[in-house]
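Shown next, in structure tokens, is the structure this report addresses.
Nothing fancy with the numbering, it's 1 onward along the sequence. A quick note: this is a predicted structure, and the numbers were derived from the prediction, not measured. Whatever order the structure lists ligands and atoms in, that order sets their numbers, starting from 1.
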Amino acid sequence: MSPSTTFHRAAVMPAPGMPIEVRTYPAPTIEEGAVLLRTIASEVCGTDVHLHHGRLAGVPYPLIPGHVSIGEVERVRGGVYDVNGLPISRGDVVTFLDVHGTCNACWYCLVAKATTRCPHRKVYGITYGAEPAPGLAGGWSERIYLRPNTRIIRLAHGVTPDAWIGAGCGLPTAVHAIELARIGLGSKVLIQGSGPVGLSACALALLSGAGWVGVIGAPELRLAAARSFGADWTMDVTQTTDKERLRAVRHATGGHGPDIVIEASGNPQAVPEGCELVRDAGRYVIVGQYTDHGDVGINPHSHINKKHLEIRGCWGSDFSHVYRAMEILVRFGSRIDWSSLITKRYGLEEVGAALADVEAQRVVKAVIVP
Ligand SMILES: [Zn+2]
Ligand SMILES: [Zn+2]
């Protein structure tokens, strides 16, 4: 087979701030242990908006974004197996961990057990660029080339592609944040942010046995989604002052504030506010600051030390979070409809509009269907 005979279309970010272009790439030569997917759908995540503005270091533009995707196996070369030892075969509908190349040999992997900090870590759709070959490393493309040792997960029986993409990278990220939050039965949990991470954190807090879950966010479209996911209380961040929010949250939590606050807003200003909102001797998990939006001031005495506050940072997710996200969709997908988060679908020519809609929060979840 001559690899130059077939071409695949992909939406490309040429450089930060440049308009999206649809380009064509030759079909890659499939290495031993690699898989070629025919893309079914790929999500647009808040990170993609930040990538378009150039707010993440180490991104090799031109870039084909799309780090959470689902596709049908079109070609596979050699034996490729999932984590349970079952072969990945042509026709299987699969997703994959966007992180690739974690070495399991460095100090971070072996001693710190923090694989998200492995220096060899690459991410499909973020730090694997569109060029050079093999390319096709992001989901906003008709085909996705999965290099050898990509962690592939079969779509579980009863889980639809829409449920997986509706949950997107927000669900595994929220699984990680909830793991760090260690929610006790009956405890009160406040989520700052009503994007996909915040919405999944809301659902998972309730599944973890929280007695009360509140969500501060915007706009109303997303707060309505939070209530449909079970939130007891919501408040529009754009219609209230920080003092009003503090008063309202105290009132809703018996005067003390929530036991646990999870920041999933992406706005640095949310962090000093979260330190105020959480109860004394509470826990604060910060997951929303994936990209750098600058500095803010906190008071170490009143916000942390005197307050006995436990602060935990949470960056990205690993294979266990993606694996368990699938298990959650199997068990609870009939109770919580993650596919309902998909507001609109876009073709490759409409990717610019999709990014604008996500940035303006006109949609909860935008999905690219190449
Ligand atoms: Zn993402
Ligand atoms: Zn490593």
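- Angle SG(C109) to the Zn ion (ligand 2) to SG(C118): 100° [nearest 10 degrees].
- To the nearest 10 degrees, the Zn ion (ligand 1) sees NE2 of H67 and SG of C169 at an angle of 120°.
- Draw a line from the Zn ion (ligand 2) to SG of C106 and another to SG of C103, and the angle between them is 100° (to 10°).
- Judged by a 6.0 Å distance limit and a 45° cone about the ring axis, R147 is positioned over the six-membered ring of Y128.
- P65 has its side chain out of reach of I126: every pair of non-hydrogen atoms, C-beta onward, lies at least 4.5 Å apart.
- Between W315 and Y290, the ring planes are parallel. Angles under 30° get that label, and only those over 60° would be called perpendicular.
- Between H321 and H176, the ring planes are parallel. Angles under 30° get that label, and only those over 60° would be called perpendicular.
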